[in-house]
Amino acid sequence: MSQPTLTLNGHASAPGNEVGVDKPTGGGTEKAGLSDAAPVQIARLVIPPEVLKMLPSEFVKRHRVLPFAMGNNTLRIAVAEPVTLRVIEDVRLLSGLEVEQFLASSTDLLEKLAECYQITVEQMIENLNPDSTSSVEIKNLHDIEVMANEPTVINLVNLIISTALRERASDIHIVPFDDSVQLRYRIDGLLQEKPPPPKQLHPALISRVKIMADMNIAERFMPQDGHIQIHHRGARVDIRVGTMPTIYGESMVLRLLEKNSKLLTPEELGLDTGRAALLSRMVEKTHGLFLTTGPTGSGKTTTLYSILSGIYTPEKKILTIEDPVEYELAGVAQIPVRPSRGFTFATGLRSILRQDPDVVMVGEIRDSETAEIAIRAALTGHQVFSTLHTNNAAGAVTRLVDMGVEPFLISSSLEGVLAQRLLRKVCLDCRVEWPVSSLIKDKLRGVGSGSLDGPFYHGTGCEECRGTGYRGRTGIFELLPISSELRELIVQRRSSAEVKSTAQMNMVTLQQDALRKASEGLTTLEEVVRVTSADLKE
């Protein structure tokens with residue numbers, strides 16, 4: 001019998017006495033084969049409570065089957081892969097209905113199970129049998145590979161990833177120690193520790209991710225990089241995987257990048273209207289070098305993507321060279337560097353300049369060769385964007401000089417620098433007015449006149465922010481246009497302190513921008529001190 005077509009738009013229909021579906025089905029154990037299991041999109045499906053109650057929660061969790069609709073004496077279940085005839089028979093006996101199974105993506109299924117039955121990584125780890133895991137003796141690579149393909153390990157890895165995505169984590173860290181494994185998520189810039197998986201499962205967990213990332217599971221003593229692509233709630237997610245050998249086994253980091261994420265405008269990133277307009281004028285020039293600076297993870301590349309998206313027109317040819325390509329930009333040719341094959345930023349930049357570009361983005365200026373090529377490109381009619389690791393905008397000049405770039409080249413090519421950091425935003429659901437402590441006043445004294453008048457806020461912690469008091473992040477910026485006065489100081493090789501002092505005369509600093517956002521109720525003074533404490537000491 002042919003399968004009926006099931007269209008799901010995020011809500012279950014309930015015509016008459018049916019729940020979730022309104023088409024008759026044949027049902028039965030003959031639906032257990034792979035060829036007969038129809039696909040279903042369950043990510044946004046609203047499942048009625050009476051459907052969820054058709055099967056005991058323990059049965060659902062153990063066999064990874066999700067009842068999502070019923071009608072015409074048939075219960076429809078979603079599975080990641082077709083289940084056995086015995087499980088189908090158990091479902092029929094427990095529900096008293098015929099059974100029809102549909103295939104769902106493993107990630108979507110685990111997330112829906114977690115949503116409907118409160119399955120968490122913590123619960124799954126707690127439910128693992130310590131006796132069975134501790135009795136596993138890993139003798140060779142074959143043992144590890146067998147464990148990596150066990151359903152328990154597969155489900156645990158999938159649940160760790162789906163939970164991280166649901167909690168808006170940017171990274172997953174798995175680090176082994178002598179008698180434990182540390183599992184942490186980086187959420188809103190800070191690492192949050194999760195209950196650790198059993199130490200005995202560590203080799204299998206690492207190997208499982210390696211298999212997913214098409215990495216060499218036999219290589220355990222050299223760093224490796226890999227890539228996984230999954231779909232989550234209708235969005236494509238790229239996962240960059242990196243391993244590093246330690247004395248207790250391999251440490252692993254998974255960086256989560258949602259490819260379908262909407263590019264934000266500078267204002268949406270946190271830049272005020274006045275400076276956003278100034279930035280727009282600076283990046284509309286037909287030539288010159290523009291830099292974004294800040295520590296790792298401060299959103300520099302995201303800002304450059306936003307700028308490139310804003311200046312793109314069909315009349316401009318825009319090329320980027322990145323390591324790696326984090327987001328795909330419409331109309332922009334993006335090139336990943338491949339150091340293992342000798343294709344670095346410097347060699348790539350030389351090549352793409354022969355491709356007749358109008359605008360070039362270099363993911364990062366890491367050495368003097370790349371810096372000099374980028375600057376000479378900016379002097380020969382190209383608009384060049386790149387990033388540097390410096391603490392503030394004025395520090396970009398000193399960094400380029402330290403790389404060996406001649407000051408007169410910097411003075412002639414550099415048009416502007418945007419330094420940035422990311423602040424956690426206070427949770428709007430639990431924020432309350434909060435007095436300014438004397439300790440905070442001492443740390444922030446002199447940053448801005450009248451900046452501590454308030455009112456200021458503090459997050460008390462709620463379900464929406466998972467008890468942290470913060471939810472989401474916003475940027476703080478200092479935008480430095482290169483004036484004629486600054487160009488003269490650069491050519492004269494003046495000290496970095498003098499360049500910084502002159503630059504700050506007509507510029508909102510990172511600290512002042514952070515305090516402004518705190519006074520507007522977007523963040524807390526404690527967060528301002530945490531993020532800008534190093535700069536406050538200067």
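Bear in mind the structure is a predicted one, so any value in this text is a computation, not a measurement.
Of the charged side-chain nitrogens involved, none lies within less than 4.0 Å of a carboxylate oxygen, so that R399 and D402 do not count as a salt-bridged pair. Under 4.0 Å is where a charged nitrogen must lie from a carboxylate oxygen, and between R424 and E527 at least one such pair does. Salt bridge D171/R255: present, at least one basic N to carboxylate O contact under 4.0 Å. Taking the charged nitrogens against the carboxylate oxygens, R236 and D238 do have a contact shorter than 4.0 Å, which makes a salt bridge.
In this structure, CG in L289 is found 5.5 Å from CG in L414, a value given to the nearest 0.5 Å. With rounding to the nearest 0.5 Å, the separation of CG in L183 from NE2 in H202 is 11.0 Å. Here the OG-CZ distance, from S386 to F345, works out to 7.5 Å after rounding to the nearest 0.5 Å. Interatomic distance, H287 NE2 to S413 OG, rounded to the nearest 0.5 Å: 9.5 Å. In this structure, L257 CG and H227 NE2 are separated by 8.0 Å, a value rounded to the nearest 0.5 Å. Rounding to the nearest 0.5 angstrom, the gap separating the CG atom in L510 from the CG atom in N391 is 9.5 Å.
With no hydrogens or angles considered, no side-chain donor-acceptor pair links S483 and E485 at under 3.5 Å. In this structure, a donor-acceptor pair under 3.5 Å is absent between the side chains of E372 and S368. Looking only at atom types and distance, the side chain of T303 has no donor-acceptor partner in the side chain of S306 under 3.5 Å away. Judged by distance alone, the side chains of E328 and Q334 never bring a donor and an acceptor atom under 3.5 Å apart. Under 3.5 Å, the side chains of Y185 and S170 contain no donor-acceptor pair of N or O atoms.
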**Request:** Kindly indicate, with the supporting measurements, whether the criterion side-chain contact (heavy atoms from CB on, under 4.5 Å) is fulfilled by T344 and T370.
**Result:** CA-CA 9 Å; T344 62; T370 305; over 6 Å; no
**Request:** Show your reasoning for whether side-chain contact (heavy atoms from CB on, under 4.5 Å) applies to E250 and M244.
**Result:** CA-CA 6 Å; E250 288 181 282; M244 183 67 66; over 6 Å; no
**Prompt:** Given the rule in the side-chain contact (heavy atoms from CB on, under 4.5 Å) test, do L388 and M403 qualify, once you have shown the distances and angles that lead to the verdict?
**Reply:** CA-CA 11 Å; L388 272 179; M403 285 183 175; 3.9 Å; yes
**Asked** Yes or no on side-chain contact (heavy atoms from CB on, under 4.5 Å) for K194 and Q182, after CA distance, side-chain angles and deciding distance?
**Response** CA-CA 8 Å; K194 302 296 179 181; Q182 187 181 64; over 6 Å; no
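A donor-acceptor contact shorter than 3.5 Å is absent between the side chain of K300 and the backbone of H389. Proximity of a side-chain donor or acceptor of S351 to a complementary backbone N or O of T347 within less than 3.5 Å is detected. A donor-acceptor distance shorter than 3.5 angstrom exists from the side chain of D188 to the backbone of G472, with no hydrogens or angles considered. No donor-acceptor distance shorter than 3.5 angstrom exists from the side chain of D323 to the backbone of V337, with no hydrogens or angles considered. Checked by atom type and distance alone, the side chain of R240 never pairs as donor or acceptor with a backbone atom of I228 at under 3.5 Å. At distances below 3.5 Å, at least one donor-acceptor pair connects side-chain atoms of Q224 with backbone N or O atoms of N216. Using modelled atom types, no side-chain atom of S280 and backbone atom of A276 make a donor-acceptor pair closer than 3.5 Å. At least one donor-acceptor pair under 3.5 Å links the side chain of T387 to the backbone N or O of G363. Judged purely by atom type and a 3.5 angstrom limit, S162 uses its side chain to pair as donor or acceptor with the backbone of N158. E219 places a side-chain N or O within donor-acceptor distance of the main-chain N or O of F221, the cut-off being under 3.5 Å.
Residue V508 comes nearest to E478 through the heavy atom pair O-CB, 3.1 Å, listed as atom of the first residue, atom of the second, then distance. Residues T390 and G395 approach most closely at CG2-O, 3.7 Å, considering heavy atoms. Shortest non-hydrogen contact noted between R471 and C465 is CB-CB, 4.4 Å. Between P295 and R421, the shortest heavy-atom distance links the atoms CD-NE, 3.4 Å. Contact detail for Q420 and S298: the closest heavy-atom pair is NE2-O, 2.9 Å. Listed here is the closest heavy atom pair of P176 and K199: CB-NZ, 3.8 Å.
The shortest side-chain heavy-atom distance between V283 and F385 falls under the 4.5 Å cut-off. At least one side-chain heavy atom of I230 sits under 4.5 Å from a side-chain heavy atom of I239. Taking 4.5 Å as the limit, every side-chain heavy atom of L480 sits out of range of all side-chain heavy atoms of L418. In this structure the side chain of L271 reaches within 4.5 angstrom of the side chain of L279, judged on heavy atoms. Residues L489 and T502 meet the side-chain proximity criterion, which asks for heavy atoms closer than 4.5 Å. Using a 4.5 Å heavy-atom cutoff, the side chains of F477 and D272 are not in contact. Looking at heavy atoms from C-beta onward, V157 lies in side-chain contact with L205 at the 4.5 angstrom threshold. Between L353 and H382 the shortest side-chain heavy-atom distance falls below 4.5 Å.
The salt bridge (charged side-chain N to carboxylate O under 4.0 Å, His left out) check on E415 picks up K285, R487, with sequence neighbours excluded.
More than 12 heavy-atom neighbours from other residues, nucleotides or ligands sit within 6.0 angstrom of CG on D442. Atom NE2 of H173 is surrounded by more than 12 heavy atoms from other residues, nucleotides or ligands within 6.0 Å. Enclosure of atom CZ in R186 by more than 12 non-hydrogen atoms of other residues, nucleotides or ligands within 6.0 angstrom is indicated.
For the pair R431 and Y457, the cation-pi criterion (under 6.0 Å, within 45° of the ring axis) is fulfilled.
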